[in-house]
Amino acid sequence: MLQPEPKREVLARRDAIVAGLREILPESGVIAETLRMKPYETDGLPAYRQMPLAVVLPETTEQVAAVLQFLHREGVRVIPRGAGTSLSGGALPLADAVVVGMMRMNRILEIDYADRCATVQAGVTNIGITNAVQGDGFFYAPDPSSQLACMIGGNVGMNSGGAHCLRYGVTANNLLGLRVVTIEGEIIDIGGHHLDAAGYDWLGLLTGSEGQLVVVTEVIVRILRGPEGARAMLAAFNSNEIAGQCVDSIISSGIIPVALEFMDRPAIHACEAFAHAGYPLDAEALLIIEVEGSVAEQDYLLGRIKQICGKFDPISLKVAESAEQSAAIWKGRKGAFGAVGRISPDYLCMDGTIPTGQLPLVLRRIGEMSDACGLKVANIFHAGDGNLHPLIMFDANDPASFATAEKFGADILRLCVEVGGCLTGEHGVGVEKRDLMPVQFSPDDLAQQRRIKDAFDPGWLLNPSKVFPLAAPHTQALAA
Amino acid sequence: MQTNFTAEQLRDPGIATANQILRTCVHCGMCTATCPTFVLLGDELDSPRGRIYLIKDMLESGRPATEEVARHVDRCLSCLSCMTTCPSGVHYMHLVDQARVVIEHTYRRPWHDRAARSLLAGLLPYPGRLRLAMLGASAVRPLRGAVPGNSVLAKRLRAMLALAPKRLPGPSALSGARVHKAEGTKRGRVALLAGCAQSVLDPDINDATIRLLTRLGVEVVVAQGAGCCGALTHHMGKHDPAMASARANIAAWVREADGAGLDAVVINASGCGTTVKDYGFMFRGEREQAQAERVAGLALDISEYLTKIGYAPTRDAPGLTVAYHAACSLQHGQKITGEPKALLRKAGFRVVEPAEGHLCCGSAGTYNIMQPDIAPRLRERKLENLRRTRPDLVAAGNIGCMTQLAGGGLPIVHTVQLLDWMAGGPVPAGINETRFDAGRQMNFSVSA
Ligand SMILES: Cc1cc2nc3c(=O)[nH]c(=O)nc-3n(C[C@H](O)[C@H](O)[C@H](O)COP(=O)(O)OP(=O)(O)OC[C@H]3O[C@@H](n4cnc5c(N)ncnc54)[C@H](O)[C@@H]3O)c2cc1C
Ligand code: SF4
Ligand code: SF4
Ligand code: SF4
């Protein structure tokens with residue numbers, strides 16, 4: 001992994017910088033011993049690792065502001081970190097950077113049912129928001145599979161999505177406001193308890209900015225009333241391609257299920273071993289389809305979906321009979337990436353988006369590439385919005401295998417762009433895809449995007465080595 | 001996840017096992033959020049993924065354990081919530097057990113740490129000694145507020161004294177190694193792990209188990225020579241004493257199984273159950289491996305055994321709401337979640353469950369004594385969640401949890417005591433039956 005040259009003068013002043021941080025934060029909030037920093041050297045993409053200069057764990061927005069002000073003055077790079085579940089290496093440190101971990105900022109600040117919103121600190125987990133309001137019949141809609149662990153600040157950073165985003169939209173569609181700290185240490189509030197913040201769409205700009213523009217400390221999210229009811233169904237098919245055609249057919253019929261998820265054979269087997277959900281083990285491909293509403297609505301929608309599936313010669317069509325069965329079905333799907341750890345020591349999780357009409361073609365091509373390079377791939381993804389997650393299985397103890405996996409992954413993403421899709425659906429660019437950015441964007445596009453970062457962070461201190469290709473000519477600040 | 005062991009290192013079976021476990025971990029981080037210490041402390045070093053990483057580093061480097069590794073591994077409750085969460089099936093329990101043994105061998109703890117650990121390891125597994133100590137502790141318990149200072153030492157002493165019951169129950173009439181005959185037609189024969197600490201702290205749990213099982217037609221043997229399961233010393237990384245305890249149990253139960261026969265080894269302290277079910281792994285490569293596997297295969301929690309043979313109440317439903325506290329060793333260690341609740345419902349109780357049911361109460365063997373800064377916070381959090389369910393009483397399947405949660409204003413009893421009560425046994429201590437009103441509402445008062 002190519003990293004920008006660490007700033008020597010920062011490395012040389014390490015002790016003084018750590019001492020300065022200790023003046024701002026309580027003792028347990030600054031971690032500088034080599035061994036204790038170890039768990040922070042990587043995130044959900046452990047193939048890349050880098051020890052940071054230090055780690056800080058602030059507890060308030062004011063502490064974050066003081067830390068940033070200090071680090072800005074000292075010219076030290078900053079890596080914001082939530083739960084460290086990024087699959088694109090978004091939270092990967094730099095040798096001369098301080099990791100700002102948000103996990104201690106885990107309080108729910110306000111729940112406002114009248115305005116249907118909740119104000120929470122950035123380190124609250126995604127599921128934590130739903131847990132706080134579900135007793136009163138509400139929920140927070142975007143549901144990344146990592147929702148048990150990932151934090152709302154990280155979700156904002158990556159504009160995360162999830163299975164139910166087909167109906168409810170991704171993070172960006174469910175945010176009302178942010179409290180952020182700029183690299184200079186200024187605290188800014190954007191938006192409020194209402195839709196459509198005043199002025200330019202700053203929320204839109206900051207959502208998905210991968211920790212490169214500001215550090216988010218508080219988030220106001222929209223909470224929704226839970227549906228009357230929901231039911232999941234499993235549709236099993238003889239091949240990936242047929243299942244892909246079925247997805248396309250469902251979507252083009254005008255029905256929008258709340259979720260429409262796809263798993264291929266290796267994924268089905270791994271997930272069944274974890275969740276015991278009753279997935280059909282004889283199938284080549286499986287669709288998980290969920291509908292919501294009153295029982296009559298559910299019945300009507302499931303009936304129509306069954307009809308469509310019936311045209312694709314399904315092996316089986318099974319509707320969940322109880323809430324427990326639905327829960328098990330989702331437990332398997334949400335644990336899918338980890339469950340692949342049962343069948344392979346390591347995986348690379350790719351994340352590209354394609355027009356749904358291209359699903360059958362893309363799945364076939366991925367299969368061919370897999371055969372050609374000799375690495376197995378498990379396909380698990382949000383089929384409804386064409387967001388692919390091929391999991392390439394490799395062995396990290398074998399460097400050649402890792403290199404092949406990386407190349408295979410890059411080829412898949414190029415294919416996504418080629419068929420009219422894009423490089424990332426919801427996991428962000430991070431370090432993983434930064435060198436592929438020119439496949440999607442022209443040099444002018446990239447320069448324009450860099451200007452935005454310049455405007456917020458002229459010294460390129462915030463998470464600088466992500467998103468933009470390092471090899472390409474860089475802003476002076478980063479090269480300096 | 002990538003590992004860096006040399007071929008030489010991998011020849012050590014302990015390292016080979018650790019390597020296998022580490023390779024299943026994909027570093028996804030799902031486990032962090034359900035870990036009690038991460039939830040409280042908000043530092044990845046105190047999360048499962050962080051600990052796995054520290055352990056990996058310690059084992060790969062082959063260096064002696066450092067103070068930091070010891071500190072963060074010591075803070076782990078071994079509650080195994082991370083194993084329930086982990087989609088990859090990472091066997092964290094075997095990994096952390098291995099790490100604890102390495103730490104015990106290569107790290108010299110401060111003297112007061114060593115003293116406290118030796119004291120506990122020399123006391124808890126021995127009912128006779130523990131009884132004496134507890135009698136002493138109960139006597140000086142009122143003085144616990146007078147222990148001065150804020151050192152770990154002072155905090156631990158206060159924690160120990162606070163755990164001692166106000167009045168120590170006398171040894172039970174049913175205690176001791178012997179055979180308890182089945183009533184009526186005999187339907188089965190089981191060995192009961194009579195435990196060590198539990199038999200002193202609350203002998204009625206074993207008594208209730210014996211009463212209930214014999215009434216159901218099951219012969220119960222408390223085997224001569226069986227004692228502590230070994231969990232206690234095992235969790236401290238004290239390998240040899242743990243193996244010695246386990247070996248004694250295996251010998252005793254195999255003798256019974258070969259003799260008059262055993263349908264099961266019934267365990268009513270789930271912490272012990274987790275360990276006995278793991279005997280096969282503990283004795284891998286040892287002479288007794290086959291026997292250990294056989295015993296592990298016979299081990300059943302009391303709730304599993306009752307579900308298997310069938311349980312039915314004989315009394316009318318008491319109209320009480322029971323908050324079921326899922327002991328970690330039951331829900332995470334043994335993956336037993338449905339049975340106890342189903343049995344309680346069958347017995348006629350209304351069963352409610354607290355929020356954050358997956359979080360440990362902080363008891364965790366000797367954790368409540370060794371970690372006086374963290375354990376009370378977990379206890380308070382658990383009690384608060386339990387109180388919010390507005391229960392009449394709390395049921396749990398593990399003595400550790402019962403001791404930890406006692407004195408929090410809620411009567412707490414063992415699940416089997418309630419089942420025994422509804423099937424003809426006495427009202428469990430802690431529930432004072434005062435009167436039944438017309439609506440069958442029982443009034444009770446708390447004797448905590
Ligand atoms: C098993 C598994 C399943 C997943 N499933 C999904 C899925 O279904 N959908 C999906 O979209 N993603 C998924 N992900 C990816 C990941 O969980 C998301 O990207 C998530 O939003 C990251 O949150 P985090 O708290 O872990 O952030 P981190 O990984 O710590 O950080 C992510 C990025 O956000 C930045 N950041 C974090 N906190 C802040 C902050 N407070 N202010 C500014 N920047 C910040 C970081 O610098 C980094 O660039 C999955 C990951 C795993 C391991
Ligand atoms: S959930 Fe399992 S695979 Fe994921 S980091 Fe934790 S132990 Fe590793
Ligand atoms: S056993 Fe419990 S305390 Fe230890 S790491 Fe796992 S979840 Fe955390
Ligand atoms: S409860 Fe189990 S581990 Fe604890 S002392 Fe008793 S037998 Fe030993």
Side-chain angles (χ1 to χ4, degrees), chain A residues 28-29 31 33 35-47 49 55 57 59 81 83-87 101-106 123 125 127-128 131 135 145-151 270-271 273-275 331-332 334-342 344-347 395-397 402, chain B residues 1-5 10 19-35 38-58 60-61 63 65-72 82 84-90 335 338 355-356 358 373 388:
Chain A
S28 72
I31 301 173
E33 305 86 338
L35 190 86
R36 297 184 64 231
M37 293 196 297
K38 196 85 180 145
Y40 293 93
E41 73 172 3
T42 182
D43 54 17
L45 181 56
R49 295 179 292 271
V55 178
L57 305 173
E59 288 165 49
R81 181 180 178 102
T85 65
S86 170
L87 290 169
M102 301 302 288
M103 37 269 199
R104 287 197 174 161
M105 295 191 60
N106 61 359
T125 57
I127 196 97
N131 285 345
S145 308
S146 52
Q147 67 186 142
L148 199 60
C150 67
M151 296 170 179
C271 295
F274 163 57
K331 182 177 170 203
K334 299 217 160 160
F337 298 172
V340 168
R342 291 170 184 260
S344 166
D346 304 277
Y347 64 73
D395 179 351
N397 281 7
F402 177 52
Chain B
M1 186 162 58
Q2 187 179 10
T3 54
N4 292 298
F5 291 106
L10 288 173
N19 180 49
Q20 257 169 20
I21 298 171
L22 289 166
R23 298 237 53 201
T24 16
C25 173
V26 290
H27 212 260
C28 65
M30 294 285 264
C31 52
T32 55
T34 54
C35 169
F38 182 74
V39 169
L40 282 192
L41 304 173
D43 181 346
E44 283 205 38
L45 291 155
D46 294 308
S47 79
R49 184 172 74 170
R51 292 192 177 105
I52 290 171
Y53 220 66
L54 287 179
I55 294 170
K56 168 171 151 22
D57 191 60
M58 171 178 83
E60 282 175 348
S61 74
R63 284 190 300 265
T66 58
E67 188 273 328
E68 287 112 336
V69 177
R71 183 182 344 149
H72 295 290
C82 46
T84 298
T85 306
C86 174
S88 293
V90 171
K335 303 278 178 276
E356 300 187 327
H358 62 282
D373 286 326
R388 282 215 204 101

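Numbers restart at 1 for each chain; the letters A, B, ... are given by sequence-line order, proteins then strands.
A pairwise comparison of heavy atoms in A:Tyr40 and B:Glu44 identifies OH-N, 2.8 Å as the closest pair. Across every non-hydrogen atom of A:Phe274 and B:Thr84, the tightest pair is CE1-O, 4.4 Å. Between B:Arg23 and A:Asp346, the closest heavy-atom pair is NH2-OD2, 2.7 Å. Pairing each heavy atom of A:Thr42 with each of B:Tyr53, the nearest pair is CG2-OH, 3.7 Å. Closest non-hydrogen pair, B:Val26 versus A:Gly341, comes out as CG1-CA, 3.7 Å. Shown here for B:Asp57 and A:Lys38, the closest heavy-atom pair between the two residues is OD1-CE, 3.4 Å.
Side chain of A:Thr85 to main chain of B:Cys28: no donor-acceptor pair is present (N/O by atom type, distance under 3.5 Å, no hydrogens or angles).
Of the two parts of B:Leu54, only the side chain, counted from C-beta on, holds a non-hydrogen atom closer than 4.5 Å to a non-hydrogen atom of chain A. Neither the backbone nor the side chain of A:Met102 has a heavy atom closer than 4.5 Å to any heavy atom of chain B. For B:Cys31, no part lies near chain A; criterion is any non-hydrogen pair under 4.5 Å. For A:Glu41, the part lying under 4.5 angstrom from a heavy atom of chain B is the side chain only. Interface residue A:Asn106: only side-chain heavy atoms are found under 4.5 Å from chain B. At a 4.5 Å heavy-atom cutoff, the contact between B:Val69 and chain A is made by backbone and side-chain atoms alike. For B:Arg51, no part lies near chain A; criterion is any non-hydrogen pair under 4.5 Å. Proximity to chain B (any heavy atom under 4.5 Å) is shown, for A:Glu59, by neither the backbone nor the side chain. For A:Lys334, the part lying under 4.5 angstrom from a heavy atom of chain B is the backbone only. Only the side chain of B:Thr66 comes within contact range of chain A, with heavy atoms under 4.5 Å apart. Contact of B:Thr3 with chain A is made through backbone and side chain together, with heavy-atom distances under 4.5 Å. Using a 4.5 Å cut-off between heavy atoms, B:Asn4 does not touch chain A at all.
B:Asp373 is linked by a side-chain hydrogen bond (donor to acceptor under 3.5 Å, both in side chains) to B:Lys155, counting only residues two or more places apart in sequence or in another chain. For the ring pair (Phe, Tyr, Trp, His ring centres under 6.0 Å) test, no residue two or more places apart in sequence or in another chain qualifies with B:His72.
In terms of heavy-atom pairs under 4.5 Å with chain A, the best-connected choice from B:Cys25, B:Ala33, B:Gly29 is B:Ala33. Counting heavy-atom pairs closer than 4.5 Å to chain B, the top-ranked of the candidates A:Asn131, A:Ile31, A:Leu45 is A:Ile31. Note on A:Pro39, A:Gly128, A:Gly135: by heavy-atom pairs under 4.5 Å with chain B, the leading option is A:Pro39.
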| task | In sequence, state the C-alpha distance, the side-chain angles, and the governing distance for A:Leu57 and B:Asp43, and then conclude on side chain to side chain contact (heavy atoms under 4.5 Å, CB included). | result | CA-CA 8 Å; A:Leu57 305 173; B:Asp43 181 346; 3.8 Å; yes
| field | From CA spacing to verdict: side chain to side chain contact (heavy atoms under 4.5 Å, CB included), A:Leu35, B:Met58 | value | CA-CA 9 Å; A:Leu35 190 86; B:Met58 171 178 83; over 6 Å; no
| said: Pair A:Met103, B:Thr32 - check side chain to side chain contact (heavy atoms under 4.5 Å, CB included), show working. | reply: CA-CA 10 Å; A:Met103 37 269 199; B:Thr32 55; over 6 Å; no
| field | From CA spacing to verdict: side chain to side chain contact (heavy atoms under 4.5 Å, CB included), B:Arg71, A:Arg36 | value | CA-CA 11 Å; B:Arg71 183 182 344 149; A:Arg36 297 184 64 231; 3.9 Å; yes
